[in-house]
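The structure appears below as structure tokens.
Just so we're on the same page: letters track the sequence lines, and every chain starts at 1.
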2 protein chains.
Amino acid sequence: MTNQSVTTGGSRRPQARPSEILAAALELFAEKGFSATRMDDVAARAGLSKAGVYLYFKDKTALLKALVNELAGANIAVARGIVEAHQGPVSPLVATILAFLATQVRHTRFPELIKIVIAESRAHPDVGQLYLDTVINQGLPLFEGLIRRGIASGEFRAVDPALAARLMIGPMLLAIIWKTVFEPIGAEALDIEAYAAQHADIFLRGIRS
Amino acid sequence: MTNQSVTTGGSRRPQARPSEILAAALELFAEKGFSATRMDDVAARAGLSKAGVYLYFKDKTALLKALVNELAGANIAVARGIVEAHQGPVSPLVATILAFLATQVRHTRFPELIKIVIAESRAHPDVGQLYLDTVINQGLPLFEGLIRRGIASGEFRAVDPALAARLMIGPMLLAIIWKTVFEPIGAEALDIEAYAAQHADIFLRGIRS
DNA sequence: GTTGTTACTGACTGGTTAGTCATAATGGCA
DNA sequence: TGCCATTATGACTAACCAGTCAGTAACAAC
């Protein structure tokens, strides 16, 4: 909240501004959606004026792009770390990855961000493109490689790795939509960890040799 | 296209209007999204003036609601028919349902409609609510019952039916998002029928006893 | 204190569009 | 032919909000 940056007190905090603005934007986008969030709101929550926001971000869209880069990119990096550090049979790794995704879905703003990208990608194709490059085209090959490893080691039967990778994350997308779209309008909550665990169980039984 | 209704020729066709307007709205919503579609556009494509549209529909939202009722309701009715007509082991029925959903995803506007509901449900909660009532709360129990039947007959092991029903349709949601969000911005096309077939294969192996 | 620079703001503009309303055309019917 | 209910429209308004800009405040350096 208070100034931790290089410059001294008062209201001049150029170093801290961008992350403060992004934090405000993320909260508001998650609460109200992208279109319904006014730049005045973002500015107010970040503690400056609307014109001030434009000193740090070119566009409303630039806020969304920065958030996609920050959040999604971080998640993918973690997933990649988990995958690359792992030795031995891949089945438990699949379960671990799905459990990791479940906690991300439950405890972070990641689901809301994905929902917003989905909702806005027609109006802002560059945001969709960024998500495609940053998340999809990073994540899918990662999971695809995982399936390939399992097939190569004889753990899995010879399924199509590209399709299997999508089948692995498809249910997590449903969880994301469920949480961000249907729970807010009165659908009963989904136990995401249990759901991911059952998914891992069924999926692994389904592809093992 | 031409007048099939009770009144004679000219431009007065009150019987045919609503479906003409809905057809125009569906096309435009699918092409440009809900928010980006102007009521003037809908009116123009339906062949009347904007004010004319308001003689038949209260709201822009009313168009969307009518479309959800029409398309989604019809699909659910067909799925229910397939399920209830089926006798014998449920495994092939699961495969049939998934193949049916795949053709719907490939050949109808259903995916676009779902995407729009997802995108707009925060701004128009009543649309989300309608979808929840018309599709989710009709479809999920249907699939859940299917899983129960399989468990009761000894075909499937004792998985949680509520979770399994969601796991059954989760991958189809991914296919929908893939087609409506990522393919338009350059992602390679997904072979939905093959994807659904592999899903049926893996899923059924995963839950059989 | 004066000057230069950086950070910041209030007030404004321009474009957009859902929804309305007074008015007009249409066609069945007496 | 003229009447009336129904069907239709052009023109308008009221609200909304992203993005701009001329000007102001704060600070650093000397």
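Interatomic distance, CD1 of A:Ile21 versus CZ of A:Phe57, reported as 5.5 Å (0.5 Å rounding).
Separating the CZ atom of A:Phe57 from the C1' atom of D:dT20 is a distance of 19 Å, rounded to the nearest angstrom. Rounded to an integer number of Å, the gap from A:Tyr56 OH to D:dA18 C1' is 20 Å. To the nearest angstrom, C1' of D:dT20 lies 13 Å from CG of A:Asp59. Whole-Å rounding puts the B:Leu63 CG to C:dA18 P distance at 11 Å. Atom-to-atom, CG of B:Asp40 to C1' of C:dT16 comes out at 11 Å; the value is rounded to the nearest Å. For the pair B:Met39 CE and C:dT16 P, the interatomic distance rounds to 19 Å; values are reported in whole Å. Atom P of nucleotide C:dG10 and atom CG of A:Leu48 are separated by 11 Å, given to the nearest angstrom. Rounded to whole Å, the distance from CG on A:Leu64 to C1' on D:dA18 is 15 Å.
Within the 4.0 angstrom heavy-atom criterion, only backbone atoms of the sugar-phosphate kind lie near B:Thr37; the bases stay farther away.
For B:Tyr54, the side-chain atoms get nearest to C:dA18 when compared with the rest of C:dC8, D:dT7, C:dA18. When distances are taken from the side chain of B:Leu55 to each of D:dA18, C:dC8, D:dT9, the shortest belongs to D:dT9.
In the interface, the side chain of B:Lys50 is paired with the base of C:dG19 through a donor and an acceptor atom under 3.5 Å apart. Put simply, the side chain of A:Lys60 and the base of D:dG19 share no donor and acceptor less than 3.5 Å apart.
Side-chain atoms of B:Arg122 do not come within 3.5 Å of backbone N or O of A:Ala36 as any donor-acceptor pair.
Both A:Ala36 and A:Ala51 lie near DNA chain D, and the one whose nearest nucleotide falls closer to the 5' end is A:Ala36. Nearest-nucleotide assignment on DNA chain D puts the 5′-proximal partner with A:Arg38, out of A:Arg38 and A:Lys58.
Between B:Phe182 and A:Tyr131, the two ring planes are parallel [angle under 30°; tilted spans 30° to 60°].
Inspection of the B:Gln104 and B:Asn75 side chains reveals an N or O donor paired with an N or O acceptor under 3.5 Å. Side-chain atoms of B:Ser19 and B:Glu70 include no donor-acceptor pair closer than 3.5 Å.
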